[in-house]
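What you see below is based on every heavy atom in this structure, not just the backbone, and it leaves out hydrogens, waters and symmetry mates.
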Amino acid sequence: MAVTGIFLVFFLIAHMLGNLKVFAGDSSFNGYAHWLRDVGKPLLPGVWFLWFMRIGLVVAAVGHIWAATVLALRARAARPVRYAHRKKVRGSYAARTMRWGGVIILFFVIYHLLDLTTGHLNPVGDPSRPYANVVATFAPDRWYVTLFYTLAVVTLGFHLRHGVFSALRSLGQQTPRGEQRAKAVALVFSVALVAGYLVVPFAVLTGLVS
C-alpha cells in the first residue's frame with residue numbers, strides 16, 4: 001500500500017508541475033508535451049518512455065487498489081461478528097471516506113484519460129495541440145467538467161492527507177508531538193497539491209488562460 005502510494009504521489013507532483021506550464025503560453029506548454037514523447041531518444045524509439053510510465057502507473061494503481069481490498073478484507077476477517085454496541089470512534093473525514101474517495105478518483109482518472117489523453121471526450125481532441133485541448137475542456141460553457149474536476153481533486157486531497165499522515169506515523173511519528181507534526185505536513189502537502197491542480201481549470205474558466 002505504501003510503496004504504490006509513494007510512486008503515485010511522485011507522479012502527481014510531476015504531473016502538477018507539468019500542468020502549470022500552461023501559464024507559460026501555447027508554445028511552451030505544447031513544447032513540454034511534445035518533449036515528453038521524445039524522452040529517451042535515441043536510446044528509446046518513439047513514445048516508449050511514455051508507455052513505460054503508463055504501464056508503471058497502471059501497475060501501481062492496480063496494486064494500490066488490491067492492497068486496499070486485502071487490508072479491508074483482513075480487517076473484516078479479524079472481527080467477523082459485529083459488536084453488539086460500541087462507541088463511535090472519532091476519526092477524520094478522510095479516514096472515514098478513504099474507500100469511497102478511491103472510487104471517485106478511479107472514475108475521474110478514466111474520464112480524464114478519455115478527455116486529455118485519447119481525446120475521445122475532448123471538444124478539440126487533437127494530440128498535436130495539447131494546449132488547445134486543455135483550454136477547450138475547461139471552457140466556461142463546460143463548467144460541469146470543471147466542477148467534476150474540482151470534486152475529484154478535492155477528494156484526492158482528503159485521500160492524500162490521510163495517506164501522508166498514516167505514512168508518517170508508520171515511519172515513527174507516533175508521539176503526541178510527532179502526530180501533530182505529521183498532521184501539519186500532511187495538511188500543507190495536500191492543500192498545496194490541490195491548489196496546484198485547481199489553478200489551471202479555474203484560470204481557463206475565468207479567461208486568465210485562453
Side-chain angles (χ1 to χ4, degrees), residues 1-20 36 50 52-79 86-117 145-202:
M1 190 76 171
V3 171
T4 54
I6 290 171
F7 182 82
L8 293 170
V9 165
F10 278 126
F11 167 76
L12 287 171
I13 294 172
H15 189 46
M16 180 196 71
L17 294 175
N19 287 351
L20 294 177
L36 286 176
L50 274 181
F52 284 145
M53 285 296 300
R54 288 166 180 167
I55 292 170
L57 286 170
V58 169
V59 170
V62 171
H64 202 65
I65 295 169
W66 174 80
T69 304
V70 169
L71 290 175
L73 292 175
R74 285 182 182 175
R76 182 174 298 179
R79 183 69 191 183
R86 67 174 179 176
K87 295 180 180 179
K88 291 184 178 179
V89 179
R90 292 182 63 186
S92 68
Y93 174 84
R96 293 195 302 268
T97 59
M98 202 68 170
R99 294 169 194 167
W100 282 112
V103 173
I104 293 174
I105 294 167
L106 176 62
F107 279 115
F108 167 72
V109 168
I110 294 172
Y111 173 83
H112 195 56
L113 290 173
L114 292 173
D115 180 18
L116 292 174
T117 300
V145 174
T146 301
L147 180 62
F148 179 43
Y149 187 92
T150 302
L151 172 64
V153 170
V154 170
T155 301
L156 175 64
F158 281 115
H159 200 84
L160 283 172
R161 178 171 172 259
H162 180 69
V164 171
F165 171 69
S166 298
L168 291 174
R169 288 198 71 229
S170 298
L171 291 172
Q173 299 293 329
Q174 297 183 8
T175 64
R177 189 172 181 179
E179 285 197 7
Q180 291 301 318
R181 284 196 296 264
K183 285 181 180 179
V185 171
L187 179 61
V188 171
F189 175 77
S190 301
V191 169
L193 203 73
V194 168
Y197 271 99
L198 291 185
V199 69
V200 173
F202 279 96

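- Not a single side-chain contact (heavy atoms from CB on, under 4.5 Å) links Val188 to another residue, sequence neighbours left out.
- With rounding to the nearest 0.5 Å, the separation of OH in Tyr111 from CG in Leu106 is 15.5 Å.
- One finds the NE2 atom of His15 at 12.5 Å from the CG atom of Leu8 (value rounded to the nearest 0.5 Å).
- Distance CG/Leu198 to CG/Asn19: 11.0 Å, rounded to 0.5 Å.
- Note that CD1 of Ile105 is 11.5 Å distant from CZ of Phe158, once rounded to the nearest 0.5 Å.
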Please set out all donor-acceptor pairs under 3.5 angstrom arising from side-chain atoms of residues 63-73, sequence neighbours excluded.
{"residue": "His64", "atom": "ND1", "partner": "Met1", "partner atom": "O", "Å": "3.3"}
{"residue": "His64", "atom": "ND1", "partner": "Thr4", "partner atom": "OG1", "Å": "2.9"}
{"residue": "Thr69", "atom": "OG1", "partner": "Ile65", "partner atom": "O", "Å": "2.9"}

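- The side-chain contact (heavy atoms from CB on, under 4.5 Å) search around Leu187 returns Arg161, Val191, not counting sequence neighbours.
- Remark: Val185 pairs with Leu168 by the side-chain contact (heavy atoms from CB on, under 4.5 Å) rule, at least two apart or across chains.
- When all heavy atoms of Tyr197 and Leu12 are compared, the pair lying nearest together is OH-O, 2.6 Å.
- The side-chain contact (heavy atoms from CB on, under 4.5 Å) check on Leu151 picks up Thr155, with sequence neighbours excluded.
- Note that CE of Met53 is 8.5 Å distant from CG of Leu50, once rounded to the nearest 0.5 Å.
- Considering only residues two or more places apart in sequence or on other chains, Phe108 meets the ring pair (Phe, Tyr, Trp, His ring centres under 6.0 Å) condition with His112, Phe148, Tyr149.
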